[in-house]
Amino acid sequence: MNSDPNTFPVLSALQEIVESIQKNPVTILDAPPGSGKTTALPFELFKLGIGGGKKICILEPRRIAAKNAAKRISQSIREDVGNSIGYRVRFDSKTTQNTKVEFVTDGILTKYLLSDPELTDYGLLIFDEFHERRMESDLCFALARKSQEIFRKDLKILIMSATLEGQNFSSIGISNPPIQVVTETHPLEIYYMGESKKNSIMRLIDLVPKAVEQITGDILVFLSGKKEILDLKNQLEFNPSIQNDSVVLPLFGDMSLSDQEKVFSPNLNGKKKIIISTNLAESSVTIPGVRVVFDTGYFKHSVFDPESGITHLVKDRISLSSAKQRAGRAAREGKGFVYRLWSKEEETSFYDRTKPEILEGDLDRLVLEVKSFGEEINSLPFIDPPNKGSLALSTERLKQLGCLDDKEQLTQTGKEVLRYPLPIRLAKIVSLLPKQNESLIADIVSILGKDTQSKEAKEFPKFVSSSQLNMELKMIYDQILSIFKGKNEPTQNPNKNEREFFLVQGFPDRIGKRKDKVGKEYKLSNGKIAELNLNLLNPPEFIIALDTISFGQSVYITQYIPISIELIEETLSHQIKTKENPEIRTNQKDESFLVVKEERLLGELVLESKEIQKPNPDSLQMAFEVYLLGLDWETEWKKKEELYQYYNRVLFLVKNGVLNLNVSFDHLKAHAKDWLFPFLNFETQKFGLSHLPFLEAFQSYVGYENQSIIQKEAPSSIQVPSGSYIQIQYDGTEPELHVKLQELFGLKQLPTLAKGKIKILVHLLSPARRPVQITKDLESFWNIGYHEVKKELKGRYPRHPWPDKPWEAVPTKHLNHNKRS
């Protein structure tokens, strides 16, 4: 192999890399795209004996990258793939006993680590395209670091990427700085094409043919997803110049590997390639011939909702590191041109790097794999540890599926489930199948073939044959069937043949019940509301939501199968709970009564509900406790003036240290059984809510011995000089008295409250009962403020007394001439 640093710039740092690997457990290499870190460095390290005579394993996040890297190195040393250089990816492998450098995907490396935590055959692990931060890659890295710590001090790790900005290696004890490789890159011209709100497809239909005509080299277009890719492909292929001069090649994740490989092959007949790709092309081995990149600046990714177990497909802005990676594709072999379909100003809102999948993905398999390794997640050195709340929810779901026991330890079911490279719930179903039911495996695999764009619901087919599966699903089917045939019998369900029996056990959190007799909404046992977007005369009452799609907050059921309540009860009886709940009924007199309903629940789904006609006192008492906990006490007490006034007087004395009681509504609610229940009759068949004895019970809670203190230190009203009894208001920050000023003539001060600590805030009112002065100092008001008020109001209210000497005037609530106001 040509080891000229001019051809492969990364080799200029070879000595530094070797010394770092020999010295440090983990070496970090920051090298730009096209520098040879994937196709040149691993074989050079092997030739130098790095790894102590053991094999070198290179983790590539994507299958296509792993295969192409192995092929290119093998070609350069004039060997067949699988001799010195090999690869192992899902559904395909080329290795022999002679293989010393092995490219693998993260699923394969995980399997190695779980079956042999010491990684006996390997001396060096290389993590390529580390910035992608796929969950399984993060797990492999954490497990490998743990293996270094426990078993293999001699195991070496090399991390490689072109964009390592923002990776927090120091948080897991890696202190040696990255080795930087600087290369003389080909010129790259980047053009910002203006705001991205414009329709990207329409813009590309105009721009791509112009690039075909005007610029040498192949074209790479980045779009967010499969639908957009196929839409643009169809539109471009209508263009005559494209038909004559170019071939349009799509590239996305669920294409067959053979179709993906066409992108990397030189095109026949001298036609230009127009490759329309998701971010799959962002970090793979160099696609030869590309000189032009069009970037829409978006990508689609799955965000897992840990509460519901439902995955949402989200379209997001790419990060700055992704934009850099994409742009680099244009200048690997010569001068490149990049057209970004956004403005320079928009770019200021881009994140520096893409969020690691471990922070927003489905953690179920990760949890089981870590348990299988013999560790707990919090003991592993993850660069970004998963969210604790999401972990807790995942753990509960795995208990529900029987993969973990009550002590959160891996069960036999959990071990069996891990044998199958499927989503956990589907692997659980396969693990339950008797051997004579292997025909159902095609049904289960077919669930993976979902439409990620349509909201339209489809009923699960009555029967799925393996011949109906597309190429990718057929490969999955063959793999699962092969593993299944090696399973151990006996099975726990030897006499069951119905698909629904097994499907229910894989989707206990996705059992749905129709909300209304008409309508499309279903309440799921995970608590979510999902829409069955299908026009049916008689929609089924119960279904399994086999697949869902989410747009924003809305969840749509895209694949379902009807089931019966009897099947749910038979299959999930151990998960069905019986609960008594209160319900409020109101009669024609607007009187409210409490009734008790017995509910049978699966998760948050009420399977059946019926009223208990003669609830026993204990049931009624428990129902009333639930009712009280859900009640907004402050709002309810405000409706009862006498009760609320009394409560505020007590609260005022508590706040001012006169009474030593806890009267917060939270406390009263939590202890209602102690102070309120003795005043209630739970023997009645009709428990009324309209006249609950809150006041009487609360007075008892406060204590009859305190009633005289309350009356003295926080009286409900006081008599003013005019003879009127005026209520004191205690519901503000301080006690207030609202009174016409004529009723207070001659009064220097009001009595103090709370053992002399608090003065009353007086709102002096005009004859029209509008405030004219607010004060705690009446004496000062009569001397100063009164004369200003008199000057302003005497002409407006001439029939009311406005004496010049308010000190000497007779207080009155009447008009002049003894007429009542």
**Q.** K597 (side chain) donor-acceptor with E611 (main chain) under 3.5 angstrom
**A.** no
Q) With sequence neighbours left out, what residues match E369 under side chain to side chain contact (heavy atoms under 4.5 Å, CB included)? A) T110, L114, E136, L139, R365, L418
Q: Return the minimal non-hydrogen interatomic distance between D384 and L359, and the atom names on each side.
A: CB-CD2, 4.1 Å
Q: Run the salt-bridge test on R134 and D138 with the 4.0 Å N-O cut-off and return the result as yes or no.
A: no
Q) Is L433 close to F484 at the side-chain level, that is, under 4.5 Å between some pair of heavy atoms? A) yes
Q | Close side-chain approach of L391 to P306, heavy-atom, < 4.5 Å | A | no
Q | Residue pair F460 / S446, side-chain heavy-atom distance below 4.5 Å | A | yes
Q: Apply side-chain hydrogen bond (donor to acceptor under 3.5 Å, both in side chains) to T354 and list each qualifying residue two or more places apart in sequence or on a separate chain.
A: S319, S322
**Q.** Heavy-atom check, side chain of L422 versus side chain of L448, under 4.5 Å
**A.** yes
(Q) Could you check whether any side-chain heavy atom of L469 comes within less than 4.5 Å of a side-chain heavy atom of V464, counting everything from C-beta outward? (A) yes
Q: Taking T296 for its side chain and F222 for its backbone only, find out whether a donor-acceptor pair lies under 3.5 Å.
A: yes
Q. Can you name the closest pair of heavy atoms from A427 and Y420 and give their distance?
A. CB-CB, 4.0 Å
Q.
So, taking the atom named CD1 in I549 and the one named CD in Q559, what distance separates them when rounded to the nearest 0.5 Å?
A. 12.5 Å
Q. Would you call K579 and E598 a side-chain contact if the rule is heavy atoms closer than 4.5 Å?
A. no
Q) Do the charged groups of E472 and R63 touch, with an N to O distance under 4.0 Å? A) yes
Q.
Tell me every residue that passes salt bridge (charged side-chain N to carboxylate O under 4.0 Å, His left out) with E541, counting only those two or more places apart in sequence or in another chain.
A. none
Q) Are Y522 and Y560 close enough that their ring centers fall under 6.0 Å? A) no
Q: Using a strict cut-off of less than 4.0 Å between a Lys/Arg side-chain nitrogen and an Asp/Glu carboxylate oxygen, indicate whether E599 and K577 qualify as a salt bridge.
A: no
Q: Please list, chain by chain and in numerical order, all residues satisfying salt bridge (charged side-chain N to carboxylate O under 4.0 Å, His left out) with D92, sequence neighbours excluded.
A: K67
Q) Just wondering, do S137 and L59 contact through their side chains at under 4.5 Å, heavy atoms? A) yes
(Q) Can you confirm whether L689 sits close enough to F593 that some side-chain heavy atom of one is under 4.5 Å from a side-chain heavy atom of the other? (A) no
Q. Which pair of non-hydrogen atoms, one from A623 and one from V596, has the smallest distance, and what is that distance?
A. CB-CG2, 3.7 Å
Q.
Which residues pass the side-chain hydrogen bond (donor to acceptor under 3.5 Å, both in side chains) test with K262, not counting sequence neighbours?
A. D259
Q. With no hydrogens and no angle check, is any side-chain donor or acceptor of S379 less than 3.5 Å from a backbone partner on E375?
A. no
Q: Could you note down all residue pairs passing side chain to side chain donor-acceptor pair (under 3.5 Å) where residues 510-519 supplies at least one of them, sequence neighbours left out?
A: none
(Q) Let me confirm one number: the CD-CD1 distance from E459 to I543, rounded to the nearest 0.5 Å. (A) 10.0 Å
Q.
Minimum heavy-atom separation for I447 and L546, please, with both atom names.
A. CG2-O, 4.1 Å
Q: Return yes if some donor-acceptor pair links the side-chain N/O of R133 with the main-chain N/O of P356 below 3.5 Å, else return no.
A: no
Q.
So that I can tick it off, tell me whether D316 and K300 are bridged by a salt bridge, with the cut-off set at under 4.0 angstrom between side-chain N and carboxylate O.
A. no
Q: Answer yes or no: is there an ion pair linking K399 with D405, defined by an N-O contact shorter than 4.0 Å?
A: no
